[in-house]
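Read the structure below first, then the notes.
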Amino acid sequence: MTMDSKQIAERFAAAKVVVVDDEHYMRKVVRTMLMSIGVRQVHEAPDGPAGLDVIRAVAPDVVILDCQMPGLDGPAFVRIVRSPETFPYPDVPIIMLTGHGERSRVVEAVKIGVNEFLLKPVSVKALQDRMVSVLTRPREVVRSGDYYGPLPRKMAAAIHADNDQAIANLSAVN
């Protein structure tokens, strides 16, 4: 199902987004970009623990998360959120924001359950594309062994009978 631009605009206007970044300037930039594409409800958190509290309070549609923060960094934050036994919103789409685009970091993000990956400096178009992806084409959330998160793209196209093996092979994703 594809959405037309009016439906996407309506979805953006209704979306609640949480931005978690230790840099005030980056939160402001992301907020401004989100507002420019029609998002009206943007909540901010200056660190991981505050971000978890905001998610619990707001029940957002999307979380935009900085990868490198002091204390509770992005990967540790995702692991906490992706714990359905202990966290109230484990299925919330997470867009990881980072200045490091090495393949190993992208693979790590996929392995811990990140929905999308954005490289700094972020463009409005790239942010909009990731928002469209998570809001209009959500991937099924799966549990397989220690993994809990969105069905990896290569598997989403053709769901395997043996999801455990397919997720174990994530490091081979190109």
Side-chain angles (χ1 to χ4, degrees), residues 3 5 7-83 86-139 141 148-150 152-153 173:
M3 294 182 135
S5 58
Q7 291 170 314
I8 292 171
E10 289 171 355
R11 185 69 178 104
F12 278 17
K16 293 181 285 186
V17 179
V18 172
V19 179
V20 183
D21 197 310
D22 60 311
E23 294 181 25
H24 172 75
Y25 177 75
M26 196 65 210
R27 289 193 312 271
K28 184 177 176 181
V29 167
V30 172
R31 171 187 282 278
T32 300
M33 289 180 170
L34 288 166
M35 301 290 272
S36 78
I37 63 173
V39 176
R40 297 291 166 246
Q41 298 180 65
V42 181
H43 305 269
E44 298 179 18
D47 57 39
L52 295 171
D53 289 343
V54 173
I55 292 172
R56 287 182 187 103
V58 172
D61 298 292
V62 179
V63 173
I64 299 175
L65 174 68
D66 185 27
C67 186
Q68 289 188 300
M69 295 182 291
L72 185 63
D73 67 1
F77 182 99
V78 173
R79 287 183 186 97
I80 291 170
V81 171
R82 294 288 187 247
S83 300
T86 57
F87 197 79
Y89 304 104
D91 300 351
V92 63
I94 298 173
I95 300 172
M96 181 74 77
L97 182 62
T98 183
H100 302 278
E102 298 90 2
R103 184 180 188 280
S104 62
R105 298 218 187 208
V106 175
V107 169
E108 178 193 12
V110 169
K111 285 182 175 182
I112 62 173
V114 169
N115 296 71
E116 295 288 341
F117 201 79
L118 264 176
L119 190 59
K120 294 177 187 176
V122 179
S123 71
V124 173
K125 171 136 179 44
L127 178 60
Q128 182 174 11
D129 290 348
R130 298 324 182 281
M131 291 290 292
V132 167
S133 175
V134 299
L135 290 174
T136 68
R137 296 184 304 273
R139 288 184 276 151
V141 175
Y148 184 90
R153 279 187 186 86
V173 172

With [X] via side chain to side chain donor-acceptor pair (under 3.5 Å) - residues at least two apart:
X	answer
E23	none
N115	R82
D91	Y148
R11	none

With a 4.5 Å cut-off on side-chain heavy atoms, are [Y] and [X] touching?
X	Y	result
M69	V20	yes
V42	V19	yes
I95	V114	no
L52	I80	yes
V63	V81	no
V39	M131	yes
V122	V30	no
S104	E108	no

Once you round to the nearest 0.5 Å, how far does [atom1] of [X] lie from [atom2] of [Y]?
X	Y	atom1	atom2	result
M26	E44	CE	CD	11.5 Å
L119	T98	CG	OG1	7.0 Å
S123	L118	OG	CG	8.0 Å
L34	I64	CG	CD1	4.5 Å
R31	H24	CZ	NE2	9.5 Å
D73	C67	CG	SG	6.5 Å

Audit row: H100, Q68, side-chain hydrogen bond (donor to acceptor under 3.5 Å, both in side chains) steps and yes/no: CA-CA 9 Å; H100 302 278; Q68 289 188 300; 2.9 Å; yes
- prompt: Should the pair E102-R105 be classified as a salt bridge under the 4.0 Å nitrogen-to-oxygen rule?
  reply: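 Yes, this pair counts.
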field: NZ/NE/NH1/NH2 to OD/OE distance under 4.0 Å, R27 and D22
entry: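 No salt bridge links R27 with D22.
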message: Would V134 and R139 count as a side-chain contact (heavy atoms from CB on, under 4.5 Å) here? Give the steps.
response: CA-CA 8 Å; V134 299; R139 288 184 276 151; over 6 Å; no
- prompt: Can you tell which of I112, D66, I55, D47 makes a side-chain contact (heavy atoms from CB on, under 4.5 Å) with F77?
  reply: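 In the set I112, D66, I55, D47, the residue that makes a side-chain contact (heavy atoms from CB on, under 4.5 Å) with F77 is I55.
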Partners meeting salt bridge (charged side-chain N to carboxylate O under 4.0 Å, His left out) with D129 (sequence neighbours left out):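 Result, salt bridge (charged side-chain N to carboxylate O under 4.0 Å, His left out) vs D129: K125.
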message: Run the salt bridge (charged side-chain N to carboxylate O under 4.0 Å, His left out) test against R40 and tell me which residues pass, sequence neighbours left out.
response: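 Residues passing salt bridge (charged side-chain N to carboxylate O under 4.0 Å, His left out) with R40: none at all.
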Kindly give the heavy-atom pair with the smallest separation between [X] and [Y], and that separation in Å.
X	Y	value
A45	V54	CB-CG2, 4.2 Å
P46	A50	CD-CB, 3.9 Å
P150	G113	CD-O, 3.2 Å

query: Yes or no on side-chain contact (heavy atoms from CB on, under 4.5 Å) for L135 and V62, after CA distance, side-chain angles and deciding distance?
result: CA-CA 8 Å; L135 290 174; V62 179; 3.6 Å; yes
- prompt: Does the pair F117 and R130 meet the rule for a side-chain contact (heavy atoms from CB on, under 4.5 Å), with working shown?
  reply: CA-CA 8 Å; F117 201 79; R130 298 324 182 281; 5.8 Å; no
query: Do other residues, nucleotides or ligands put more than 12 heavy atoms under 6.0 Å from K120 NZ?
result: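 It does: K120 NZ has more than 12 such atoms within range.
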message: Using side-chain contact (heavy atoms from CB on, under 4.5 Å), reason through D61 and V92 one step at a time and then give a plain yes or no.
response: CA-CA 6 Å; D61 298 292; V92 63; over 6 Å; no
- prompt: Is R137 reaching over with its side chain to a backbone N or O of V132, donor-acceptor style, under 3.5 angstrom?
  reply: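 No, the answer is negative, given that no donor and acceptor are paired below the 3.5 Å cut-off.
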- prompt: Would you say K16's side chain and V58's backbone share a donor-acceptor pair under 3.5 angstrom?
  reply: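 Such a contact is found between K16 side chain and V58 backbone.
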